[in-house]
Amino acid sequence: MARKRLREEEEATLDMTPMLDIVFIMLIFFIVTTSFVKEAGIDVNRPEASQATQKPSANIFIAIRENGEVWMDRRQVDVERVAANLERLLAEQPTDMVVIQADEGARHGVVVRVMDQIKEAGIAQISIAAEND
């Protein structure tokens with residue numbers, strides 16, 4: 001009798017290893033497929049626009065300060081190096097849109113040069129960030 005009861009207890013246990021394997025595989029899958037946003041790294045005073053619309057979120061942001069400094073990926077870059085830095089970011093995480101966060105006091109010429117660099121990197125969709133009234 002004692003042997004029969006011992007066998008029943010052995011058969012009643014569940015092996016948790018396959019379930020843990022599946023959980024870890026799912027965790028790895030979600031970590032790998034998560035998109036990371038490349039913030040510019042600074043705050044700017046965006047201009048107000050009454051017709052500003054919400055666009056789908058982009059993964060790459062480029063900020064332009066009032067004094068003409070250009071920031072990408074939390075560091076300052078030269079305007080002529082925007083395309084090279086953008087190509088590096090695109091190799092890590094491909095996207096088809098970039099958002100420019102230009103200060104309302106930034107010079108128009110700097111913004112246009114940054115837009116040229118973005119187009120040179122192969123991105124056709126460029127959005128300019130603005131605040132709603």
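This structure is a prediction, so every number in the text was calculated from the model and none was measured.
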Take Val70 and Asp78 through the test side chain to side chain contact (heavy atoms under 4.5 Å, CB included) and record every step on the way to the result. CA-CA 7 Å; Val70 178; Asp78 190 35; over 6 Å; no
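- Listed by first then second residue, pairs satisfying salt bridge (charged side-chain N to carboxylate O under 4.0 Å, His left out) with a partner in residues 18-34 number zero, not counting sequence neighbours.
- The nearest pair of heavy atoms linking Gln76 to Trp71 is N-CE3, 3.5 Å.
- Once rounded to the nearest 0.5 Å, the distance linking CD1 of Ile118 with CD1 of Ile100 reads 3.5 Å.
- Every residue two or more places apart in sequence or in another chain that forms a side-chain contact (heavy atoms from CB on, under 4.5 Å) with Met16 is listed here: Met19.
- The shortest non-hydrogen separation linking Phe61 to Gln101 is CD2-NE2, 3.6 Å.
- Pairs passing the side-chain hydrogen bond (donor to acceptor under 3.5 Å, both in side chains) check and including a residue from residues 81-91, sequence neighbours excluded, read Arg75-Asn85.
- Minimum heavy-atom separation, Met115 to Ile128: SD-CD1, 4.5 Å.
- Side-chain heavy-atom separations under 4.5 angstrom define the hydrophobic clusters, and Ile25 shares its cluster with no other residue.
- Note that the OG1 atom of Thr95 and the CD1 atom of Ile60 stand 6.0 Å from one another [nearest 0.5 Å].
- Looking at every heavy atom in both residues, Glu80 comes nearest to Gln117 through O-OE1, 3.3 Å.
- Nearest heavy atoms, Ala83 versus Ala121: O-CB, 4.0 Å.
- Separation of atoms CG (Asp103) and CD1 (Ile64) is listed at 9.5 Å; rounding is to 0.5 Å.
- Closest heavy-atom contact between Val110 and Gly68: CG1-O, 4.0 Å.
- Sequence neighbours left out, not one pair with a member in residues 116-127 passes salt bridge (charged side-chain N to carboxylate O under 4.0 Å, His left out).
- To the nearest 0.5 angstrom, Ile62 atom CD1 is 5.5 Å from Leu86 atom CG.
- Hydrophobic clustering (ILVMFWY, side-chain heavy atoms < 4.5 Å, transitive): Val23 and Phe29 are in distinct clusters.
- In the hydrophobic clustering, Val112 connects to no other residue, as no ILVMFWY side-chain heavy atoms lie under 4.5 Å from its own.
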